[in-house]
Amino acid sequence: MGMTITEKILAAHVRKKQEAMPLVFPGELIEANLDFILGNDITAPIAISEFESVEKEKGRELDVFDKERVALVPDHFTPNKDVKSAEQCKILRDFSRKKTIKYYFEIGEMGVEHALLPEQGLVLPGDCIIGADSHTCTYGALGAFSTGVGSTDLAAAMIRGKAWFKVPETIKFVYKGMLNTWVCGKDLILYTIGDIGVDGALYKSMEFCGDVISGLTMPDRFTMCNMAIEAGGKNGIIEPDEKTLNYIKNTAKRDYKVYKSDSDAKYADIREYDVSKIKPQVSFPHLPSNTKPASEADNIQIDQVVIGSCTNGRLQDLEIAAGILKGHKIHPYIRLIILPATQKIYADAMKMGLFDIFLESGGIISTPTCGPCLGGHMGVLAEGERCVSTTNRNFVGRMGHVKSEVYLASPAVAAASAIKGRITDPEEIKIK
Amino acid sequence: MNFKGKSWKYGDNVNTDEIIPARYLNTSDPKELAEHCMEDIDASFAKCVKKGDIIVAQENFGCGSSREHAPISIKEAGVSCIIANTFARIFYRNAINIGLPILECKEAVKDADKGDILEVDLSAGTISNLTKNKFYKSSPFPEFIQDLISAGGLMKWVSKSI
């Protein structure tokens, strides 16, 4: 029987002595070897404490399973917003030095983890990856099995280089037709989550395919896989193609392997979308699944716009936003915050002159951070305030006060909304 | 393992931002986290919850972030067990990994009201609603997960294995 790409990757990472290429079946509990693991300044301190509790119990120091396959990225509360977050980050710094972990990223080289690790060639096709961050599913865009876990899983993986999984069933999502103007990967994934709901892919793998996916850029593919978790998915995944291999060819730090689903692979469900019917989308509060076209938003006044995050803080996203903002001033009541996701994106955007456009329009440019996305710092909302954000979650209180509201959208919708001061379809803006 | 306590009932998609808001994630001290447990969905919870109480919720409990601070804050607040229709995947494994018992049982959830006294026998997978005088059976955990739980959580299991 054929296997899906997710099943093949998991099978290849399980040791079953009797077969060269073992089969795995949905529902089966397995232990898989891991190619790469990561944690951040929120999740890693607990993992490190758990790691050290095992050292204490054993009465000896332990090494991490592989010093070149662990990344610690302090990207949520850095530059440290207060003493407590400084202490959390110091735990990562001290542990990384003590264990000589190769991929600890200090500010200056740090970035939003799910933009940073692909950019650095650390996560690759065919990999089996866990990260103590729910958006670890982003790396599925490279054709890797990649999923978010908690701190204890990270601690165990740092010691053993393995994790337990229940092999997921897969839902296949096929996208056909011609994309409308301004519709990008973010709109496709918001539309999909709107269709299946925030638990529509619970415990399952989401495989994205079809001509439209082949036509998407890598940043758009990262955006789609990034939000698989918002549909409850275990992972999002896209078969590697020429674009994938081009993306990694100058940066890959290790060998990798390309897997593809068999034509007779079994799926839990297959859903097809005609993308010509999809317009720029917005997720209304307080669930990512509350989607509707931006053009149908009925004069919703906003206070803040955030363009950035692991979902949409890549160079392409900033270019799209700048293309709309060029020659325009943002609405006088709007605060526009731009967050290049990594140091490299920051430098590239600056060299390309995008910062001039953002600054002239009235926006501000932040150091790479996850801060505003989760109501941490650098853009927290007050009671009653509304924000259009290119981030991934709009739960109650996500970006600040419990009575604030977050509307999720693409960089194009976010930039257009910043100009008008209300939720706006980019079609409304005259491009200069 | 047996637990008995008062039920706290919630709806669908209770998410990690509601269970423990990110504004408190600059610490990983369980006691501090427990003081803010469920703050953005039920401000009375952390003040009124008693040791042994049981959270009852509908679909997709714990969706959102991977933050283990969510099940840690619930456990530290004194909650003995969570019963839901379904759990979000990362929350499910985090709860198992830290030894916070969870059960999936739609019938028990449907009947339970806030304040009902519930009794849970984890090894048998049974739930009794003593207030309503009803009895339910949920699916037992797979053997591997039972091993993790009986070892006292993932790290104890790992510690034994190395």
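Please read these numbers as outputs of a predicted model, since none were measured by experiment. A note on names: the letters A, B, ... follow the listed sequences, proteins ahead of strands, and every chain is numbered from 1.
Within the 4.5 angstrom heavy-atom criterion, only side-chain atoms of A:Leu202, from C-beta onward, approach chain B. For a residue to count as touching a neighbouring chain, one of its non-hydrogen atoms must lie under 4.5 Å from one of that chain's; by this rule A:Glu50 touches chain B with backbone and side chain alike. Residue contact with chain A, scored on non-hydrogen atoms closer than 4.5 Å, involves the backbone and the side chain of B:Asn97 alike. With a 4.5 angstrom heavy-atom cutoff, A:Leu29 touches chain B only via side-chain atoms. For B:Asn94, the part lying under 4.5 angstrom from a heavy atom of chain A is the side chain only. For A:Asp82, the part lying near chain B is the side chain, with the backbone staying farther off; criterion is any non-hydrogen pair under 4.5 Å. Heavy-atom distances place both the backbone and the side chain of A:Lys234 under 4.5 Å from chain B. Of the atoms belonging to B:Phe87, heavy atoms from both backbone and side chain fall under 4.5 Å from chain A. In this structure, chain A has a heavy atom under 4.5 Å from the side chain of B:Ile98, while its backbone stays farther away. Heavy atoms of B:Ile72 lying under 4.5 Å from chain A belong exclusively to its side chain. For A:Lys81, the part lying near chain B is the side chain, with the backbone staying farther off; criterion is any non-hydrogen pair under 4.5 Å. Within the 4.5 angstrom heavy-atom criterion, only side-chain atoms of A:Leu62, from C-beta onward, approach chain B. Neither the backbone nor the side chain of B:Thr16 comes within contact range of chain A, judged by heavy atoms closer than 4.5 Å.
For B:Lys137, the NZ atom is densely surrounded, since the number of other residues' heavy atoms within 6.0 Å is greater than 12.
Of all the listed residues (A:Arg393, A:Glu87, A:Glu57, A:His135), the one sharing the greatest number of non-hydrogen pairs under 4.5 Å with chain B is A:Arg393. Highest contact tally toward chain B, considering only A:Asn392, A:Thr147, A:Val83, is held by A:Thr147 [criterion: heavy-atom pairs under 4.5 Å]. Among A:Val380, A:Leu374, A:Asp41, the residue with the largest count of heavy-atom pairs under 4.5 Å with chain B is A:Leu374. Chosen from A:Val149, A:Leu287, A:Val402, the residue pairing most often with chain B at heavy-atom distances under 4.5 Å is A:Val149. Contact count against chain A (heavy-atom pairs under 4.5 Å) is highest for B:Asp17 among B:Asp17, B:Val158, B:Leu148. The choice from A:Val198, A:Thr136, A:Thr43 that makes the most heavy-atom pairs within less than 4.5 Å of chain B is A:Val198.
Under the 4.0 Å criterion applied to side-chain N and carboxylate O atoms, A:Arg398 and A:Glu230 are not assigned as salt-bridge partners. Under the 4.0 Å criterion applied to side-chain N and carboxylate O atoms, B:Arg93 and A:Asp153 are assigned as salt-bridge partners. Between B:Asp116 and B:Lys9, no side-chain nitrogen of the basic residue sits less than 4.0 Å from a carboxylate oxygen of the acidic one, so the salt-bridge criterion is not met. Between A:Arg160 and A:Glu31 there is a salt bridge, with a side-chain nitrogen of the basic residue lying less than 4.0 Å from a carboxylate oxygen of the acidic one.
Using modelled atom types, one side-chain atom of B:Asp12 and one backbone atom of B:Glu59 make a donor-acceptor pair closer than 3.5 Å. Checked by atom type and distance alone, the side chain of B:Glu18 pairs as donor or acceptor with a backbone atom of B:Asn15 at under 3.5 Å. Under a 3.5 Å cut-off, the side chain of B:Asp53 and the backbone N or O of B:Lys6 do form a donor-acceptor pair. Side chain of B:Ser73 to main chain of B:His69: a donor-acceptor pair is present (N/O by atom type, distance under 3.5 Å, no hydrogens or angles).
Neither side chain, B:Ser66 nor A:Asp133, offers a donor N or O lying under 3.5 Å from an acceptor on the other.
Taking every heavy atom of both residues into account, B:Arg23 and A:Gly400 meet most closely at NH1-O, 3.9 Å. When all heavy atoms are compared, the tightest approach of B:Phe3 to B:Cys81 is CD1-CB, 4.1 Å.
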